Participant: 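Have a look at the structure that comes next, please.
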Amino acid sequence: MTPDRAAGLAETARALAAGEVSSRTLVEQTLARIEATQGTLNAFRIVRAEAALAEADAADRELADGGRGPLLGVPVAVKDDMDVAGSPTAFGCAGDHPPVARDGEAVRRLRAAGAVVVGKTNTCELGQWPFTEGPAFGATRNPWSTDHTPGGSSGGSAAAVAAGLVPAALGSDGAGSVRIPASWTHLVGVKPQRGRVSTWPRGESFQGITVNGTLARTVEDAALLLDAASGNHDLDPHRPAAIDALAAVRRDPGRLRIALSLKPPFTAVPARLTPEVRTRVVELAGHLADLGHEVEEADPPYGHIGLTFVPRATAGIAEWVADAPFPALLDPRTRDAARLGRLLGGAPLKAARRAEAVLHRRIGSFFRAYDVVLAPTTAAPPPRIGAMLHLGGFATDRAMIAACPYAWPWNVLGWPGVNVPAGFAPGGLPVGAQLLGPAHSEPLLLSLAAQLEAELRWHEHWPEPLAAPSPAV
C-alpha cells in the first residue's frame, strides 16, 4: 500500500485483518490525501477528521481483540444525500444546514460492517444534473482532466475514488447518477435493484426512481461494498431477497445472449451518440463476443417510457424542496422543477406509477430473447466545467439529455445496471458502457463485469497526479 493513493477495498480489508496496517494509519493517510487535493479536486463537502480518527482507533482495538468484519477499519466515503449522525445533509444545497441525529440505514449498515466513514462527498443541488457544481461548494473536478466534470450527481464520490482518495464510496442513482460519473471517471458503478440498499429515512426516494449504489475501481470492490451496505429498514416498502454479490464476482457467467443497444430511448429533444463513444462501446461488444458470448444489435421496447419518468422525478424534487430549510437559496431551476412536480403530483404521478407494471411486462419480455443489454452509459465524453452551470431550465434539460440519454429508463424500471469502463475518447477522457439486466440480476451483471475486467484490466490505469485547472475555466 502506498500512502499517495488508496489500495483497493478488498485488499485493504485483508491487510487490516492480517495486521499488516492499522486503521488509524489508513485514515490518517486518507485525510492527508483529501486535504492535499481538496483545493484542486474538491471532492468532499464534509470531512469527519476527528470523528474518523476516533472510529479508526476503536476499529484497531477491535481488530487487536480478534474482531473481524467485512470492512472493519476500512475508510470509505458516502454521498452528501445520506444521513451521517452528527453531520448535516445538505444534498448540494446552500445554507448552514443542521446536523442530523441518526445515520441513514445504508450508513448504519456500513458502520455495522466496520467501515470508517471519513466524509461526505459533493453532489449537485438535490442530485438533479450530470455535473457536480454549485454556489454552495464550488466545482468538483475530474481527476482525469481537471478542466472537465466528473459527472453527477455522485460526482464527488466518483472523483474521490478515481483519484485514489478512498478505495470505494457510496453514491445514489436516480437517472444515472452513479453510472454517469463512473463512466466519466473510469470506474465500476453499480446501480442495484430498487430496495437492495435502503434509502431510509426516505423509503422511496424520488418516488422510487432513486437507489443507493457503489463506486469502485474493481468489480470485486464494488460488490464488497454493495454486500456491506445492502439490507433494509423495517419500514422500507421494497425489500428484495438477499444476494451474495461477492460470490457472484467469482463465478463464470456462462455463455450469454447480449443485446447491443445503441439507439437512445425516446426523448422530447434530440440525442445523438457521438462517434468516439460509439467506437468504444462497439469495441467492448467485440470483447464480449471474443469471450464466447452471442452479441447482436437489438433495442429494448422502451416506447414512451419518458412520460412516466418526468412526474416521478419532479414530484420527488418537490418533496425535497418542501423539506429544504433555505428554499430562497435554491437554484431557480430547482424551484421551477418543484413547481412542475406539484402540478404533476396528482393524477399524472398516479398514472406514472401504475405504468411501471406495464413497462415491466413489455421490457421484461425482451429478456426472453436476451440475458443482458449492453448500452452506452452516456452519449458523449464528460463536458467541461461550467458548461451547464448557468444555463436556464430548458437549456439545461436539452444539454443533459444530449449528453446522457441512456441511463434513466432503468431507474423507472427499478432494475440493476452496472457501468464498466469502456476506454478513453481522443484526448484521454474516460467513457463507459452499461450492462443492464432484468429484476434482481445483479449477480449475473457482476459476474459478466468481472469477466470483462479480467480480460481488459481497466483497474491498472490511473489518472496522472492532479494539476491545477486551466486559468480560463
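Remember, it's a predicted structure, so these values are computed and weren't measured experimentally. Just so you know, these numbers use all the heavy atoms, side chains as well, and skip hydrogens, waters and symmetry mates.
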Participant: If only side-chain N and O atoms count, and only distance matters, is there a donor-acceptor pair under 3.5 Å linking T121 with S157?
Facilitator: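 Present: a donor and an acceptor within the cut-off.
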
Participant: If we check salt bridge (charged side-chain N to carboxylate O under 4.0 Å, His left out) with D103, which of these qualifies: R108, R111, R109?
Facilitator: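 One option only clears the test, and that one is R111.
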
Participant: Is any side-chain N of the basic residue among E442 and R194 closer than 4.0 Å to the acidic one's carboxylate O?
Facilitator: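 Result for this pair is no, no salt bridge flagged.
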
Participant: Are the charged groups of R68 and E62 less than 4.0 angstrom apart, N to O?
Facilitator: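 Salt bridge absent between R68 and E62.
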
Participant: Is R217 close enough and on-axis enough to W462, meaning under 6.0 Å and within 45°, for cation-pi?
Facilitator: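 Yes, cation above the ring, under 6.0 Å and within 45°.
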
Participant: Taking NZ, NE, NH1 and NH2 as the nitrogens, is one of them in K191 or D173 under 4.0 Å from a carboxylate oxygen of the other?
Facilitator: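 Not counted as a salt bridge, because no side-chain N and carboxylate O are separated by less than 4.0 Å.
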
Participant: Does H440 offer a backbone N or O that forms a donor-acceptor pair with the side chain of Q193 under 3.5 Å?
Facilitator: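 It does hold such a pair.
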
Participant: Which residue, T30, L53, V27, V74, forms the side chain to side chain contact (heavy atoms under 4.5 Å, CB included) with V116?
Facilitator: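 Between V116 and the candidates, side chain to side chain contact (heavy atoms under 4.5 Å, CB included) is satisfied uniquely by V27.
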
Participant: Do Q434 side-chain atoms and Y406 backbone N/O form a donor-acceptor pair below 3.5 Å?
Facilitator: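 Side chain of Q434 to backbone of Y406: a pair is present.
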
Participant: Above 12 or not: heavy atoms from other molecules or residues under 6.0 Å from CD of E50?
Facilitator: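 Result for CD/E50: open.
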
Participant: Go through D83 and R102 one step at a time and tell me if the salt bridge (Lys or Arg N to Asp or Glu O under 4.0 Å) criterion holds.
Facilitator: CA-CA 7 Å; D83 287 349; R102 285 182 289 276; over 6 Å; no

Participant: Between R24 and D60 (salt bridge meaning N to carboxylate O under 4.0 Å), is one present in this structure?
Facilitator: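 A salt bridge is absent here (no side-chain N lies under 4.0 Å from a carboxylate O).
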
Participant: Check each of L446, V219, L456, D252 against Q451 using the side chain to side chain contact (heavy atoms under 4.5 Å, CB included) test, and report the only one that passes.
Facilitator: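 Going through the options one by one, the only one that passes is D252.
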
Participant: Taking W129 for its side chain and D397 for its backbone only, find out whether a donor-acceptor pair lies under 3.5 Å.
Facilitator: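 Not confirmed, W129 side chain does not pair with D397 backbone.
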
Participant: Taking the six-membered ring of W320 as reference, does the NZ or CZ atom of R202 fall below 6.0 Å from its centre and within a 45° cone about the axis?
Facilitator: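 Cation-pi check for R202 and W320: passes.
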
Participant: Does the ring centre of H360 sit less than 6.0 Å away from the ring centre of W415?
Facilitator: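 Yes, ring centres under 6.0 Å apart.
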
Participant: Less than 4.0 angstrom from a charged side-chain N to a carboxylate O is my criterion; do E204 and R312 meet it?
Facilitator: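 No, no charged N to carboxylate O under 4.0 Å.
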
Participant: Would a 4.5 Å heavy-atom cut-off, applied to side chains only, mark V188 and N419 as touching?
Facilitator: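 No, every pair of side-chain atoms sits at 4.5 Å or beyond.
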
Participant: Can the ring centres of F91 and H97 be said to be less than 6.0 Å apart?
Facilitator: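 They do not qualify: ring centres at least 6.0 Å apart.
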
Participant: Would you say the side chain of L72 lies within less than 4.5 Å of the side chain of L63, judging by non-hydrogen atoms?
Facilitator: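 Heavy-atom side-chain distance check passes, below 4.5 Å.
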
Participant: Evaluate the side-chain proximity of P88 to V100: yes if any heavy-atom separation is below 4.5 Å, no if none is.
Facilitator: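 They are not in side-chain contact.
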
